[in-house]
Number of protein chains: 2
Amino acid sequence: MAYRQTPAVEARLHDNRSRILLAARTLVSEGGWAEAQVAAVAAAAGIATGTVYRYFPSKAELFAEVLSAVSQREVDVLTDIASSGGPALGRLHSAVATFVRRAMRNPRLAYALIAEPCDKEIDEARLTYRATVSEVIRSIIESGQAAKEVRPDVRPDVAATVIVGGFMEGLIGPLSPLSRQQHPDTDAYRREVAQLADQIAALACTSVAATAATLRQLNRRPA
Amino acid sequence: MAYRQTPAVEARLHDNRSRILLAARTLVSEGGWAEAQVAAVAAAAGIATGTVYRYFPSKAELFAEVLSAVSQREVDVLTDIASSGGPALGRLHSAVATFVRRAMRNPRLAYALIAEPCDKEIDEARLTYRATVSEVIRSIIESGQAAKEVRPDVRPDVAATVIVGGFMEGLIGPLSPLSRQQHPDTDAYRREVAQLADQIAALACTSVAATAATLRQLNRRPA
DNA sequence: AACATCAGTGAACCGAAATTCATTTCTTTG
DNA sequence: CAAAGAAATGAATTTCGGTTCACTGATGTT
């Protein structure tokens, strides 16, 4: 017996893996999928190209992991909101508005995750992501239906998909590279984002809300 | 002077061009973008690969033309509905439902046009398409606002984008290759499509409608 | 018919980026 | 320290499909 992995090495390997993931995420969030090349990732992580393949079987799996890690954070945030207390429509409003606001904090990354054309394999992970978000929204709608806040004729799965598609598409305009020449760190910009988030969330809520009364209640106390 | 194009040749050229476009469209609608290769198009059109380049400067431009031709038909249909008479919400409902129903008539093609990952260059044309559809929807919403059918606080551009994203995403589930194992030509299937179309259209209408009364009126006479 | 020009051909070319692998360098153990 | 195994390297290979172009065959003009 001549070699066994020591903790020190194990730690270094794990660290390398993290660095690769971090480098990959950074590249995507700076230059989109075009910059997301294996060689570039390796360079950014300070290792050789071939080394990437000791940690990930393929480019697609590497980036699928990046995508799912980032997505998981968003899904977690939404899940928290979904399972918080209060009226369902309030949670729906909050979920949508929060998603929009968070996306606008890192537009380049959000654009890549939501809309930018990319490899088929990576795109699969994206579909899974959307489906998961959709599930969370569906759960809110279902609880809303139980509480009579949501019309009974609404099919929760369809409505959830439509709402998710709606707010993601609503984001594409503001997110798309042309619009993002510069997104200044000003109050005016923040206000604009907040308004957009509110507008989109309001549309989502209205589309399923049972009565005008329920909505009025919501507007009195916007989440 | 030694050569000038005669009508016969002109006709043949034009015919070739059409055949290329038709072959390209057929390939996409059968196998999606994966099958949409220049060599395959040439083969399907019964000509040599290089000949394609006598009619189109690049693959991207060829398929952009395919996409825009197909899209134009849809936009025309929507425009007709938009400029027909009647209440704006009725037109909105009709526009959305019609789009969904038509898409489900050729799911593979619709999927490719709406959601399937594809080359950047082709994707640009797709964005233009979405933007155009969005414009039509926006015009309906604006006229609805003028007629007090649509809430005044709705921003027509945002709402239009959200609605378009919503119904397109609402289609992706039903359209995505897995779901389309077979779409039988049965009454049950047609009923299901009609219901989906109606559900999605209803969500779109509700999201912007001014009052429950307006909606009730709509439900009495579903477009 | 002879010439000029155009249309069609398809095998070869090319670029780009993922992936591989023979070699080198580092770690561990006896 | 030497042997054995693991990890890292990065230049070379592979792949893949779009694009080119030298050539052949058609078509029109004189």
Kindly point out which of dA8(D), dA17(C), dG18(D) is positioned nearest to the side chain of Arg12(A)?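 Looking only at heavy atoms from C-beta outward on Arg12(A), the closest nucleotide is dA8(D).
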
Which residues satisfy the salt bridge (Lys or Arg N to Asp or Glu O under 4.0 Å) test with Arg19(A), sequence neighbours excluded?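 Arg19(A) satisfies salt bridge (Lys or Arg N to Asp or Glu O under 4.0 Å) with Asp15(A) only.
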
Pairing residues for Glu135(A) by the salt bridge (Lys or Arg N to Asp or Glu O under 4.0 Å) criterion, not counting sequence neighbours: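 Glu135(A): salt bridge (Lys or Arg N to Asp or Glu O under 4.0 Å) contacts with Arg138(A).
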
Side-chain atoms of residues 30-39 of chain B: list all donor-acceptor pairs with protein atoms under 3.5 Å, sequence neighbours left out, distances to 0.1 Å.
from     : atom 1 : to        : atom 2 : distance (Å)
Trp33(B) : NE1    : Ala112(B) : O      : 3.1
Gln37(B) : NE2    : Ala34(B)  : O      : 3.2

For residues 71-82 of chain B, which residue pairs qualify under salt bridge (Lys or Arg N to Asp or Glu O under 4.0 Å), counting only residues two or more places apart or in two chains?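 Qualifying pairs, neighbours excluded: Glu74(B)-Arg102(B).
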
Salt bridge (Lys or Arg N to Asp or Glu O under 4.0 Å): pairs with one or both residues in residues 40-57 of chain B, sequence neighbours excluded: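 Every candidate salt bridge (Lys or Arg N to Asp or Glu O under 4.0 Å) pair involving residues 40-57 of chain B fails, so no pair, neighbours aside, qualifies.
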
If you define the side chain from C-beta out and look only at heavy atoms, does anything of Phe56(B) sit under 4.5 Å from Leu21(B)? yes

Is there a side-chain contact between Thr186(B) and Tyr189(B), using heavy atoms and a 4.5 Å cut-off? yes

How large an angle, rounded to 10°, do the end axes of the helix from dA1(C)-dT30(D) to dG30(C)-dC1(D) enclose when each is built from five base pairs? 10°

With the threshold set at under 4.0 Å for non-hydrogen atoms, list the residues of residues 39-58 of chain B touching DNA chain D in residue-number order. Thr49(B), Gly50(B), Tyr53(B), Ser58(B)

Which residues in residues 117-126 of chain A have a heavy atom closer than 4.0 Å to any atom of DNA chain D? none

Has the side chain of Thr51(B) got a donor or acceptor atom that lies under 3.5 Å from a matching backbone atom of Ile47(B)?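 No: the side chain of Thr51(B) does not pair with the backbone of Ile47(B).
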
Using atom types as modelled, flag every donor-acceptor pair under 3.5 Å from a side chain in residues 156-175 of chain B to any protein atom, sequence neighbours excluded.
from      : atom 1 : to        : atom 2 : distance (Å)
Thr161(B) : OG1    : Asp157(B) : O      : 2.8
Glu169(B) : OE1    : Arg130(A) : NH1    : 2.1
Glu169(B) : OE2    : Arg130(A) : NH1    : 3.3

Kindly state which residues belonging to residues 13-37 of chain B come within less than 4.0 angstrom of DNA chain C, counting heavy atoms of the residue only, listed by number. Leu13(B), Asn16(B)

List the residues meeting side chain to side chain donor-acceptor pair (under 3.5 Å) with Thr98(A), not counting sequence neighbours, and say none if there are none. none

Could you tell me which residues satisfy side chain to side chain donor-acceptor pair (under 3.5 Å) with Gln199(A), sequence neighbours excluded, listed by chain and number?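 Testing Gln199(A) for side chain to side chain donor-acceptor pair (under 3.5 Å), a comparison that skips the adjacent residues, returns none.
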
Dump the intermediate steps for side-chain hydrogen bond (donor to acceptor under 3.5 Å, both in side chains) on Ser83(B) and Arg91(B), then the final yes or no. CA-CA 8 Å; Ser83(B) 60; Arg91(B) 281 177 280 140; over 6 Å; no

